[in-house]
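Remember, predicted model here, so these are calculated numbers, not experimental data. Order of the sequence lines sets the chain letters (A, B, ...), proteins ahead of strands, with each chain counted from 1.
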Amino acid sequence: MNQPNPADHSGLTEDQLKDPRVARRDKLRRLREAGIDPWGSRFDNRWSIGDARQLAGQIRYRTTAGEEFPLPTILPDTDLRAWRNELGPGEEIGPTVRVAGRVMLLRDKGKLVFITLRDWTGEIQLFIGKNQVGEENFELTKLIDLGDLIGVDGRLGRTNTGELTVFAEKLHFLTKMLEPAPDKHAGMTDPELRQRMRYADLAFNDGVMEIFLQRTEIVRSVRRTLDRDGYCEVEGPTLHAIAGGAAARPFVTHHNALDRQLFMRIALELHLKRLLVGGIERVYELGRVYRNEGISPRHNPEFTMLEAYQAYGDYRTMMDLTERIVTDAITAIGCGFVRNFNGHEIDFTPPFSRRTYAELFREATGVDAADDEAVIRLAKEMSLETAGKHPDVIRNEIFEQRVEDSLVGPIFVIDYPASICPLTKRKADNPAIAERFELFVGGMELANAYTELNDPDLQETLFETQLAGMAEEDSMAKMDHDFVRALRYGMPPAGGLGIGIDRLVMILTGQRSIRDIVLFPVLRPEASESPAADSATAAQPSPPGTSTTGGSADSEGSK
RNA sequence: GAGGGCGUAGCUCAGUCGGUAGAGCAACGGACUUUUAAUCCGUUGGUCCUGGGUUCGAGUCCCAGCGCCCUCACCA
């Protein structure tokens, strides 16, 4: 007890060194004393571990007589030692590679150390023998902890058990990890820690990297599909004077020089449609929108949305496009058209089924959706609030309760009640029905699209009706005079589409929680962070028309 | 915002009926040149989320608070 540690001259006692952080700091110091930069430097001519593994087929066993043999097929219990003994003495000849990565496992056998090294393409075992790398270089292994970043030069080969291995000839120290490593088997399981410290989650938990790389593949594929169709990607403003285009509470912010309130956008729609007026005939934006709403396994306050608009198309045009975007993305990540999600088996083989809202309504309730009295009667049976509500709103509440959650899909629900669709063109032969579809998968709304309303006078009327006549939480829009003016300049008939990219990623990667497919989901500040940021937010005034107007008793600000 | 669950060592988790805080991994000392969640010998490590209360005695029971997870609501 309290004896100086014989392995160094730091003056630290053994007791102090039993703290993993102290021990790591001490190894940092010892690296420096040995003349090694613990933070490394440029490391060129590296093979990714995935690429290095591809070279396994080149490994040969060469006998002392000079005969070369390819290795046998490697099965889990392959005993290469027996195979080599039959061939007689010799050595394994494999390509020389340089790899680098994070130390995931370390098995110290005295004069021989095995390391499992990981980079973002995979894992590979390192064999570091004292006789092979030399005594001085081997001393480095005593300063390596789990989680450190190292590199090696060596030859690819296989151990007696058949494990593909880099037999190190030279070991390089690249970066010290100063924090203790998570459990080497279980990793980090606390969801809060995983999200707060996504770096550690990515580095140490199996499968996390793959999910986020798949997300990237999906987003790339979505862009590729649209670009191939001749769409033009644009970047609209994220700061809006009026946060329109969807029914959601916006985040409020303030521009100092203009001394004006601004809102973070809740949708991309109204600016993209202005661009249709301007003549950009196929336009999309794939970007972040912000909604000041609750957080749940399917909701993050900021999320990624795709909106695409095609001049001279309609909602059927967008249905075909939606199907292509989704199936192309599935092909891109190679996961197959039949996916399991949340206990459902979902078959994405096109074409997706297409059913009208009215059909599904009748099947689920036995009531004709067009029969207002019957709908209201049903709503009362379901003890839904009906007073002062538009029949379409009531209709939709029933639909959401009775139909939506059970839609495993993928299924296009088409032709919605008109008055819950204030930005949508009505059917030519039936003004009570809007040309709109939503795509449902696994009980979630994945896409929403319509034939765009381009009649400026009707648009203005619908905005006004929404604002004046309805409880605030049912309102779909705020009056945007410039948008209406834009429509007066002539927006071509068009189809428009919105896809929730996060949900698409959830379904295609099989993740039940949006927090597992968003790199840095919104979290409460850590205890150590300043509480000042919190109180500043709380002190901000509510946006007009979002929490104090109308007769809305639904006051979320009351918490 | 409402209801339910959880919070114990750096990590993953036990902790019985209320009776002096436990394991594995990691860390530290040692052995081992084909291991692979390496193994073996030895050692250390605790604000039991926070604050009250009940009790001779609280990780355990009660109350309040904080955080996370799940369900619901708002919403995509």
Side-chain angles (χ1 to χ4, degrees), chain A residues 1-3 5-8 12-24 26-27 79-81 84 92 104-116 123 125-132 138 145-147 157-163 165 167 179-196 200 204 246-249 266-267 289 291-301 303-306 400 438-440 444-448 472-473 498-504 506 512-515 523-527 547 552 554-559:
Chain A
M1 220 62 51
N2 281 349
Q3 296 299 309
N5 177 7
D8 69 78
L12 291 169
T13 63
E14 273 191 35
D15 274 358
Q16 289 171 308
L17 281 171
K18 280 164 188 165
D19 179 340
R21 287 191 176 87
V22 174
R24 282 170 185 265
D26 188 56
K27 285 173 190 158
D79 183 357
L80 277 182
R81 182 171 7 200
R84 290 181 189 125
E92 217 150 75
M104 303 306 292
L105 297 169
L106 189 150
R107 297 176 287 280
D108 182 352
K109 301 237 330 148
K111 298 187 181 67
L112 166 64
V113 172
F114 289 97
I115 281 173
T116 302
E123 291 186 349
Q125 176 170 263
L126 309 179
F127 177 113
I128 304 161
K130 192 172 192 174
N131 296 340
Q132 287 78 5
F138 190 75
D145 288 304
L146 294 182
R158 288 190 185 271
T159 57
N160 286 339
T161 53
E163 177 81 23
T165 300
F167 289 83
E179 291 287 328
D183 186 281
K184 68 184 180 188
H185 188 54
M188 277 192 318
T189 59
D190 181 342
E192 188 195 355
L193 283 183
R194 289 186 50 211
Q195 292 154 29
R196 213 178 275 292
F204 293 101
R249 292 164 207 277
I266 58 172
V289 297
R291 297 191 180 177
N292 208 339
E293 307 282 354
I295 297 174
S296 87
R298 280 163 293 282
H299 301 265
N300 193 53
F303 63 99
T304 302
M305 177 98 135
L306 166 72
E400 284 174 3
E438 294 193 328
L439 173 63
F440 285 90
M444 287 197 299
E445 182 191 333
L446 187 62
N448 180 16
E472 180 256 320
E473 68 262 35
I499 294 182
I501 295 295
D502 304 275
R503 289 185 172 179
L504 179 63
M506 283 170 70
R512 309 173 62 133
S513 169
I514 194 169
R515 282 175 228 130
L523 298 170
R524 275 168 225 265
E526 241 175 313
S547 62
S552 172
D554 172 31
S555 146
E556 262 213 0
S558 65
K559 69 176 167 113

*For A:Ala23 and for A:Arg158, find the nucleotide of RNA chain B with the closest heavy atom, then tell me which residue's nucleotide is more 5'.*
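Looking at the nearest nucleotide for each, A:Ala23 comes out on the 5' side.
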Strictly by Watson-Crick or wobble contacts shorter than 3.5 Å, is anything paired with [N], and which nucleotide is it?
N	answer
B:A14	none
B:U43	B:A27
B:U60	none

If I take atom [atom1] in residue [X] and atom [atom2] in nucleotide [N], what distance separates them, rounded to the nearest angstrom?
X	N	atom1	atom2	result
A:Glu179	B:A27	CD	P	15 Å
A:Met444	B:A76	CE	P	14 Å
A:Glu123	B:U35	CD	P	19 Å
A:Lys109	B:A37	NZ	P	14 Å
A:Lys130	B:U34	NZ	C1'	18 Å
A:Met104	B:A37	CE	P	14 Å
A:Ile501	B:A76	CD1	P	16 Å
A:Asp108	B:A31	CG	P	10 Å

Return the minimal non-hydrogen interatomic distance between [X] and [Y], and the atom names on each side.
X	Y	value
A:Met188	A:Pro182	CG-CB, 3.9 Å
A:Glu438	A:Glu445	OE2-OE2, 3.1 Å
A:Ile514	A:Asp502	CD1-CB, 3.7 Å
A:Ile499	A:Ala447	CG1-CB, 3.8 Å
A:Leu146	A:Met104	CD2-O, 3.6 Å

Can you tell me how far [atom1] in [N] sits from the matching atom in [M], rounded to whole Å?
N	M	atom1	answer
B:G18	B:C61	P	8 Å
B:G45	B:A23	C1'	14 Å
B:G65	B:A27	C1'	35 Å
B:U60	B:G52	P	14 Å
B:G19	B:A2	C1'	39 Å
B:A37	B:A76	C1'	42 Å
B:G57	B:G30	C1'	43 Å
B:C48	B:G10	P	12 Å

Give a yes/no on whether any side-chain N or O of [X] is located under 4.0 angstrom from OP1 or OP2 of [N].
X	N	result
A:Thr159	B:U35	no
A:Arg249	B:C74	no
A:Thr189	B:C11	no
A:Lys111	B:U35	no
A:Arg107	B:A38	yes

Regarding [X], tell me which of base, sugar-phosphate or nothing describes its non-hydrogen contacts under 4.0 Å with the strands shown.
X	value
A:Gly498	nothing
A:Gln125	base
A:Gln132	base
A:Asn300	base
A:Phe127	base

*Assess whether side chain to side chain contact (heavy atoms under 4.5 Å, CB included) is satisfied between A:Glu92 and A:Arg84, documenting all intermediate values.*
CA-CA 10 Å; A:Glu92 217 150 75; A:Arg84 290 181 189 125; 2.6 Å; yes
Which residues share a side chain to side chain donor-acceptor pair (under 3.5 Å) with [X], sequence neighbours left out:
X	answer
A:Arg298	none
A:Asp190	none
A:Glu163	none

*Treat primed atoms plus P, OP1 and OP2 as sugar-phosphate and everything else as base, then score nucleotides 67-72 of chain B 5' to 3': B for base contact with protein heavy atoms under 4.0 Å, S for sugar-phosphate contact only, - for none.*
SSSSSS
Restricting to side chain to side chain contact (heavy atoms under 4.5 Å, CB included), what partner residues turn up for [X], sequence neighbours left out?
X	result
A:Pro301	A:Phe251, A:Ile295, A:Val522
A:Lys27	A:Arg30, A:Leu143, A:Asp145, A:Lys176
A:Pro180	A:Pro20, A:Arg21
A:Phe167	A:Phe127, A:Thr159, A:Thr165

Below 3.5 Å is the cut-off: list the nitrogen or oxygen pairs between protein and nucleotides 46-48 of chain B, distance only.
none

Contacts under 3.5 Å, N or O only, protein and nucleotides 2-5 of chain B:
none

_Closest to side chain of A:Ala186, choosing from B:A76, B:G10, B:U12_ = B:U12
*Taking the side chain of A:Arg503 as its heavy atoms from C-beta onward, which of B:A76, B:U35, B:U34 lies nearest to it?*
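Output: B:A76.
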*Say you draw a straight line from CD1 of A:Ile501 to CE of A:Met506; how long is it, rounded to the nearest 0.5 Å?*
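Atom-to-atom, A:Ile501:CD1 and A:Met506:CE are 13.5 Å apart.
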*asked:* Just verifying a value: how many Å separate A:Asn300 CG and A:Leu523 CG, rounded to the nearest 0.5 Å?
replied: 8.5 Å
*Ring of A:Phe114 versus six-membered ring of B:A38: centres under 5.5 Å and planes under 30°?*
no
*Would you say the side-chain atoms of A:Arg291 pair up with the backbone N or O of A:Ile266, donor to acceptor, closer than 3.5 Å?*
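Answer holds: yes.
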Scan nucleotides 24-26 of chain B against the protein and return all N/O pairs shorter than 3.5 Å with their distances rounded to 0.1 Å.
| from | atom 1 | to | atom 2 | distance (Å) |
| --- | --- | --- | --- | --- |
| B:G24 | N2 | A:Asp183 | OD2 | 2.7 |
| B:C25 | O3' | A:Lys184 | NZ | 3.3 |
| B:A26 | OP1 | A:Lys184 | NZ | 2.6 |

*Indicate, yes or no, whether a donor-acceptor pair under 3.5 Å links the base of B:U34 to the side chain of A:Glu163.*
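Counting by modelled atom types and ignoring angles, no donor-acceptor contact under 3.5 Å is found here.
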*Which residues pass the ring-ring contact (aromatic ring centres under 6.0 Å, His included) test with A:Phe138, sequence neighbours left out?*
none
